[in-house]
Amino acid sequence: MADCETASVVLDSDQMLPELILLAQPLPGTYQQDEVEQLRRAVPLAQIVVVAGTWCEGELRTGKPLVGVSRLYWYELVPWWHATLKNCTTWPPCLDGPLITRSADALFEHELGGVAVIHAPMYASYETLAEILKPHGMECVWARHESELPPQIAVGIWDGAQLDPPEFTRLQSFASTIRERQGALVVLLDFPRKEHFSRLQKIGCTAILGKPYVLNELVNTLLQITKPGDGVPRV
């Protein structure tokens with residue numbers, strides 16, 4: 001529907017009873033609280049989820065959160081959707097917060113293996129990722145000096161920020177090193193935008209996750225990229 005008012009009219013006239021309503025929000029302020037209440041009156045039992053678009057990331061851009069809805073960033077929608085359909089028999093409660101509705105699949109197909117080289121700005125960031133991956137059978141190495149990396153690498157993980165020009169230059173060098181060692185590349189970014197995906201695909205990125213990431217989604221992503229794929233970066 002083009003807007004909430006049109007949707008409310010259709011819901012009232014057709015007596016539709018949807019379980020889920022998605023509000024695509026490309027910019028802060030696209031929807032007002034009274035519009036949400038209008039939808040709620042039309043379909044009181046429906047789950048309402050706001051999907052924040054590429055110019056709506058971060059609290060400074062998102063604006064004042066709507067009350068009584070769940071909120072996802074655009075790059076979180078696909079994993080949330082798959083996990084929800086697979087794991088949930090009912091929709092979770094409508095609570096505020098960007099991660100409140102996440103329920104990633106925790107049933108891993110097999111153990112991770114090989115070496116994960118982690119590029120992180122601080123040791124504490126590296127240690128966090130290592131603590132996540134080591135219980136799943138992966139040996140982790142902090143990429144302090146690229147010349148000292150092991151010859152065989154299963155995956156390189158870039159714990160990044162917002163991909164400004166200096167960071168992208170460093171990432172290109174890291175990606176080249178990972179490719180030389182036949183490894184996959186996973187990039188973690190603060191609020192990745194659509195244009196980041198095309199740039200990262202060109203340097204051989206295998207998967208992109210936004211921060212804060214969900215632990216099970218990160219592990220499942222590493223499991224998936226060990227399988228033959230089409231070379232297209234994953235969200």
Give, for atom CH2 of W142 and atom CG of L149, the distance between the pair rounded to the nearest 0.5 Å. 12.5 Å

Donor-acceptor under 3.5 Å (S176 side chain, S173 main chain): no

Spatial distance of atom CG (L133) from atom CG (L112) [nearest 0.5 Å]: 6.5 Å

Evaluate the side chain to side chain contact (heavy atoms under 4.5 Å, CB included) criterion for residues V155 and T206: first the C-alpha distance (whole Å), next the side-chain angles of each, then the deciding distance (0.1 Å), finally the verdict. CA-CA 10 Å; V155 62; T206 314; over 6 Å; no

Interatomic spacing from CG in L66 to CD in Q25 - rounded to 0.5 Å: 6.0 Å

So does G68 get a backbone contact from the side chain of R40, meaning a donor-acceptor N/O pair under 3.5 Å? yes

To check you understand the geometry: which heavy-atom pair defines the closest contact between V36 and V67, and what is its length? CG1-O, 4.4 Å

Short question: side chain of R71, backbone of A52 - any donor-acceptor pair under 3.5 Å? no

Taking all non-hydrogen atoms of both residues into account, name the closest pair between A207 and C205 and its distance. O-SG, 3.2 Å

ILVMFWY cluster, L23 and V10 together (side-chain gap under 4.5 Å): yes

Under the side chain to side chain donor-acceptor pair (under 3.5 Å) test, which residues partner Q33, sequence neighbours left out? E37

Apply side-chain contact (heavy atoms from CB on, under 4.5 Å) to A130 and list each qualifying residue two or more places apart in sequence or on a separate chain. Y126, K134, C140

Ignoring hydrogens and angles, tell me if any N or O in the side chain of R193 forms a donor-acceptor pair with the backbone of Q162 under 3.5 Å. no

Could you list the residues that satisfy salt bridge (Lys or Arg N to Asp or Glu O under 4.0 Å) with E5, not counting sequence neighbours? none

Other residues, nucleotides, ligands: >12 heavy atoms within 6.0 Å of Q152 CD: no

P166: partners by side-chain contact (heavy atoms from CB on, under 4.5 Å), with sequence neighbours left out: D164, R170

Can you name the nearest heavy-atom pair linking L185 to F174, along with the distance? CD1-CE2, 3.8 Å

Begin from the C-alpha positions of W81 and L72 and carry the test side chain to side chain contact (heavy atoms under 4.5 Å, CB included) through to its verdict. CA-CA 11 Å; W81 180 257; L72 297 171; over 6 Å; no

Return the set of residues passing side-chain contact (heavy atoms from CB on, under 4.5 Å) with A161 (not counting sequence neighbours), or none when no residue passes. E167, D190

Please work out whether the ring planes of H119 and W158 are parallel, tilted or perpendicular, with thresholds of 30° and 60°. parallel

Which atom of V50 lies closest to which atom of V69, heavy atoms considered: CG2-CG2, 3.8 Å

Could you see if L17 belongs to whatever hydrophobic cluster contains M1? Use Ile, Leu, Val, Met, Phe, Trp, Tyr and a side-chain cutoff under 4.5 Å. no

With side chains defined as the heavy atoms from C-beta onward, is the minimum distance between V117 and T177 less than 4.5 Å? no

Walk me through it: do L188 and L129 pass the test side chain to side chain contact (heavy atoms under 4.5 Å, CB included)? CA-CA 11 Å; L188 310 176; L129 288 165; 4.0 Å; yes

Rounded to the nearest 0.5 Å, how far apart are NZ of K202 and CD of Q172? 11.0 Å

How far does CG of N216 sit from CD1 of I132, to the nearest 0.5 angstrom? 9.5 Å

For M138 and G113, work out which heavy atoms get closest and say how close. CE-O, 3.1 Å

Atom pair CD1 (I203) and CD1 (I178), whose distance is rounded to the nearest 0.5 Å: 11.0 Å

Nearest heavy atoms of L189 and H196, plus distance in Å: CD1-ND1, 4.1 Å

Among all residues two or more places apart in sequence or in another chain, which pass the side chain to side chain donor-acceptor pair (under 3.5 Å) test with T6? D3

Pairs touching residues 153-162 that satisfy salt bridge (charged side-chain N to carboxylate O under 4.0 Å, His left out), sequence neighbours left out: D159-K211

Among residues at least two apart in sequence or on other chains, which ones pass side-chain contact (heavy atoms from CB on, under 4.5 Å) with V43? L11, P18, A46

